[in-house]
Structures are given as C-alpha cells and as structure tokens.
Visitor: 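One structure coming up, written as structure tokens, with questions to follow.
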2 protein chains.
Amino acid sequence: MKNKTMYAVLGVLSLLGPMSGYDIKKFCDKSISYFWNENFGHLYPVLSRLESSGLIARDSPDEAVRRKSYHITDKGAAVLRAWLVEPVEYQPERSELLLKLSFGNRMELEDILAMLEEAKVRNELKYKQLDQIHSYYMGSEDAKKKPQYPFWLAALRYGITSLEASLKWFDETKIFLMDYHKNQ
Amino acid sequence: MKNKTMYAVLGVLSLLGPMSGYDIKKFCDKSISYFWNENFGHLYPVLSRLESSGLIARDSPDEAVRRKSYHITDKGAAVLRAWLVEPVEYQPERSELLLKLSFGNRMELEDILAMLEEAKVRNELKYKQLDQIHSYYMGSEDAKKKPQYPFWLAALRYGITSLEASLKWFDETKIFLMDYHKNQ
DNA sequence: AAACTCATGTAATAGGTTACATGATTCA
DNA sequence: TGAATCATGTAACCTATTACATGAGTTT
C-alpha cells in the first residue's frame, strides 16, 4: 500500500488552495471524515517530506512565521494527476463488528444486541450529519458554483446510501437474531 | 488499536476447533475475506506469541511434526470472551475511491467513469460470490445445524446489503456525472 | 521430472497511532 | 488571568505488508 496521506495532502492543496497542516487536519475532520481521516503525527512528517521533494512549497519562505502555509507545485500537481488515473488499490476488508458477530455463539444474545444497537446509534448519528450537509449542499447556490460540487455530492451520497443500507440491516438483524433465539 | 489478528485466531480456533496457521489463513481467504483478512507474515508471529503466553497450545507437542495444529486454552477462551463484550473500536474511514472521486475536477470525466466502472465490476463479482454462499446457506440442512448459523447468515447479509447499495450508487453516480457534464 | 500445493517462518519496511512537549494567540 | 484554540512537531510503538527462503508432499 502506498502512502495515501501524501496524495490526500496534494489533492486537498490542489482543490482548496494554500493551507497549513493544521488546516488540512481540520478540513479532514469537519468535511471528509466520513471517508477520509488523517492525524497530526503522520501529517506533519509527510508535509516535511513533500516539501523537501519539491511537491509542495511554503507560501512565505520566512522562517520566522509560525504558521506554515503550503501550496502545491507543478511537480506536485503532475504527481497527483498520475496517481488519480492509477487503479484504486484493493483494500482488504477488516470489520471488527462482523468478526465479533461471527463469533456470536460465544456471546450472550443480549451482548450481541447491545453491540448492534451501539453501532446502529453511531451510524444514525453519522447519517444525520451527512443528511444535513446534503440538504445544505442541495440548497446552496454557493456550493453549486464550485467545480468540485458534483463530485462532493456524489461522495456524500455514497456515505448516505451506505449508512441507510447498514441501518436497515441493523434493524432486520436484531429482529432476526431475537426470533431465531426464541425458536431454538 | 489493539492487535485484532490475535482475537481473530482465538475466535476461529474457538469456533472451528484445532487448526494450523495455514488452515486459519485458508479459512479467512475462502470464507470470511469479505469482512476479514489475514496474511502469513503477521499470522505466524502472532501464533507464536499466543502459544508462549498460554492462550493457545499445540495439539501434539512433538517437535518433529511439521504441521503445527493449535487449540484454544481455557485462558485463551477467557481472553476471547472478555474481548467479545468490549465495545467495537471506532475505525477511521479511509476510502481511496471516494478520495479520488472528491478530486474529480482534477480528472477527465472518462477516467472517473472508468474508475467507477472498475470498482463496480469488482463489487459485482463479490456480490455474486456472496449471493451463491447465501443460497447454499439457506438450502443446506448441514449449515443450519451449526451453532454459528444465524450469525454467519447475518454477517453474509451485511455484505450483500452493502454491496447492493454500492452497486446502485455506482449506476446512479455514473449517470449523474455524465448528465452534469453534458449540462455544463 | 516438473509443477503445484502444503506448510512455516524471518527480515525489512511502511504506514499509521498515541502520547508527549511546547509555545503563541485569542477570547471570556 | 485563565481557558480554549491555534499551531507544529518528535519519539516510541504497534500493526501489518512484502519479499524472501526453505523444504515436504502430491499431482500431472
């Protein structure tokens, strides 16, 4: 697996213009955390490496400035474009929820149901957040003007669609497992 | 994040009885790869550590036997049970597909569509495989007798439901992006 | 005899997380 | 003035991946 933080940084700088590491992290947290996450401990070293390899550069080379704002260079833009057309790497699935569920006959039914309920509540919360952003997006003339509009909307709908499907599954599964348990 | 390979091993040995590292890997690949994956390079060291900490033990302590079959110990079963009732750890999302899509205005439309088509084809294949297993499961008296039956069925349905939702999204999204592009 | 599957492992590396440290700036 | 937020970074650690190495047994 390649270092994807690097490409995430290049992409964000390319789309949103000059930003600091702190800004990039903030943007991830508030706007794309439903499909992408970064943390400082990895982000800052990657920024240093991107700078020293010339893929990004500081806006003001003044060493005294505390806040380091970066922009993407031509070289960085070329590297980003090359990555974008490469096939999406296969990501081996790892779902702790399904792993635990598959060991369900080593658990009490009530513990399984509690686990499912907890996960469902988490997903409901995420769903509500995405739905709000979606409503905003659909109504905002400002958002529609941005070149990334259709892509961000599509990504948002992926999140919403997946969450809807999972919420339906949680309800069905809880009923299924309760019924099954009763009829044993 | 905790070492989940360890718990996966304990769970599999607990459910399926004595197995070798090779068996566990084979089982992951053929039966649960849609939600769990392991690789040898991690699995074998974890097996060694589990053995030396007494959570699993060799079936035959004969050093000459090449094939090392392990079973779970009482101590291991206790550790497994404790993990099963712990809350599922939050897993930060990282979808390369959605990341690339969100940088869509740095790509050609045809490249985006090709990327989506490729991912869709992959998901269709997975969907067909899961659907076949599901059919087998629903029809097999043998499968129904096993205590893990309802849980494996539920997990299977999670995979199927998610894939269905994603396939629908791929179709909708390709049309949406093409229409949007045409009307610009 | 060659090819394939069974079977176990190690070493190097990458990729990312957690915890810690530090100090400036802004706001109540 | 104290708290919160802004802002950057490092060190230790862990988890997992990749590549490599080895050899037995089985099938074609």
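Throughout, a chain's letter reflects where its sequence line sits, starting with A, and its residues are numbered from 1.
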Visitor: Check every atom of dA7(C), dT8(D), dA16(D) against the side chain of K4(B) and return the nucleotide holding the closest atom.
Guide: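 Of dA7(C), dT8(D), dA16(D), dA16(D) is nearest to the side chain of K4(B).
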Visitor: Could you tell me if R94(A) and T5(B) have a donor-acceptor pair between their side chains, going purely by distance under 3.5 Å?
Guide: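 R94(A) and T5(B) do have a side-chain donor-acceptor pair below 3.5 Å.
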Visitor: So which protein nitrogen or oxygen atoms get under 3.5 Å of nucleotides 22-27 of chain D's nitrogens or oxygens?
Guide:
from    : atom 1 : to     : atom 2 : distance (Å)
dG23(D) : N2     : R66(B) : NH2    : 2.7

Visitor: Take H42(A) and S20(B), find for each the nucleotide of DNA chain C with the closest heavy atom, and name the residue whose nucleotide sits nearer the 5' end.
Guide: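 Residue closer to the 5' terminus by nearest nucleotide: S20(B).
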Visitor: Within the structure shown, what part of the strands sits under 4.0 Å from G41(A) by heavy-atom distance: base, sugar-phosphate, or nothing?
Guide: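 Counting heavy atoms under 4.0 Å across all strands, the contact made by G41(A) includes a base.
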Visitor: The side chain of F40(A) lies closest to which of these nucleotides: dA7(C), dA7(D), dT8(D)?
Guide: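 Output: dT8(D).
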Visitor: Side chain of N39(B) only, heavy atoms from C-beta on: which candidate in dA7(D), dG16(C), dT17(D) is closest?
Guide: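 Ranking dA7(D), dG16(C), dT17(D) by closest atom to the N39(B) side chain puts dT17(D) first.
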Visitor: Answer with base, sugar-phosphate or nothing: what part of the nucleic acid does T5(A) contact at a heavy-atom distance below 4.0 Å?
Guide: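 Answer is sugar-phosphate: T5(A) comes under 4.0 Å of backbone atoms only.
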Visitor: Which nucleotide sits closest to the side chain of K68(A): dA7(D), dT8(D), dT8(C)?
Guide: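 Ranking dA7(D), dT8(D), dT8(C) by closest atom to the K68(A) side chain puts dT8(D) first.
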Visitor: Heavy atom of residues 81-96 of chain B under 4.0 Å from DNA chain D: which residues?
Guide: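 Going residue by residue through residues 81-96 of chain B, none turns out to have a heavy atom under 4.0 Å of DNA chain D.
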Visitor: Would you tabulate the side-chain donor-acceptor contacts of residues 100-113 of chain B under 3.5 Å, counting partners in other chains and residues two or more places apart, or write 'none'?
Guide:
from    : atom 1 : to     : atom 2 : distance (Å)
K100(B) : NZ     : W83(A) : O      : 3.2
K100(B) : NZ     : E86(A) : O      : 2.8
K100(B) : NZ     : E96(B) : OE2    : 2.9
S102(B) : OG     : L98(B) : O      : 3.4
S102(B) : OG     : L99(B) : O      : 2.7
R106(B) : NE     : S14(A) : OG     : 2.5
R106(B) : NH2    : S14(A) : O      : 2.8

Visitor: Does N3(B) put a side-chain nitrogen or oxygen below 4.0 Å from OP1 or OP2 of dA16(D)?
Guide: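 True: N3(B) side-chain N/O within range (under 4.0 Å) of dA16(D) OP1/OP2.
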Visitor: Which nucleotide wins on minimum distance to the side chain of Y22(B), given the candidates dA7(D), dA7(C), dT18(D)?
Guide: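 My answer, after comparing the listed nucleotides, is dA7(C).
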Visitor: If you count the non-hydrogen atoms of other residues, nucleotides and ligands that lie under 6.0 Å from NE2 in H181(B), is the total more than 12?
Guide: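 For H181(B), atom NE2 is not crowded (no more than 12 foreign heavy atoms under 6.0 Å).
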Visitor: Taking NZ, NE, NH1 and NH2 as the nitrogens, is one of them in E124(B) or K120(B) under 4.0 Å from a carboxylate oxygen of the other?
Guide: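 Looking at E124(B) and K120(B), the cut-off is met.
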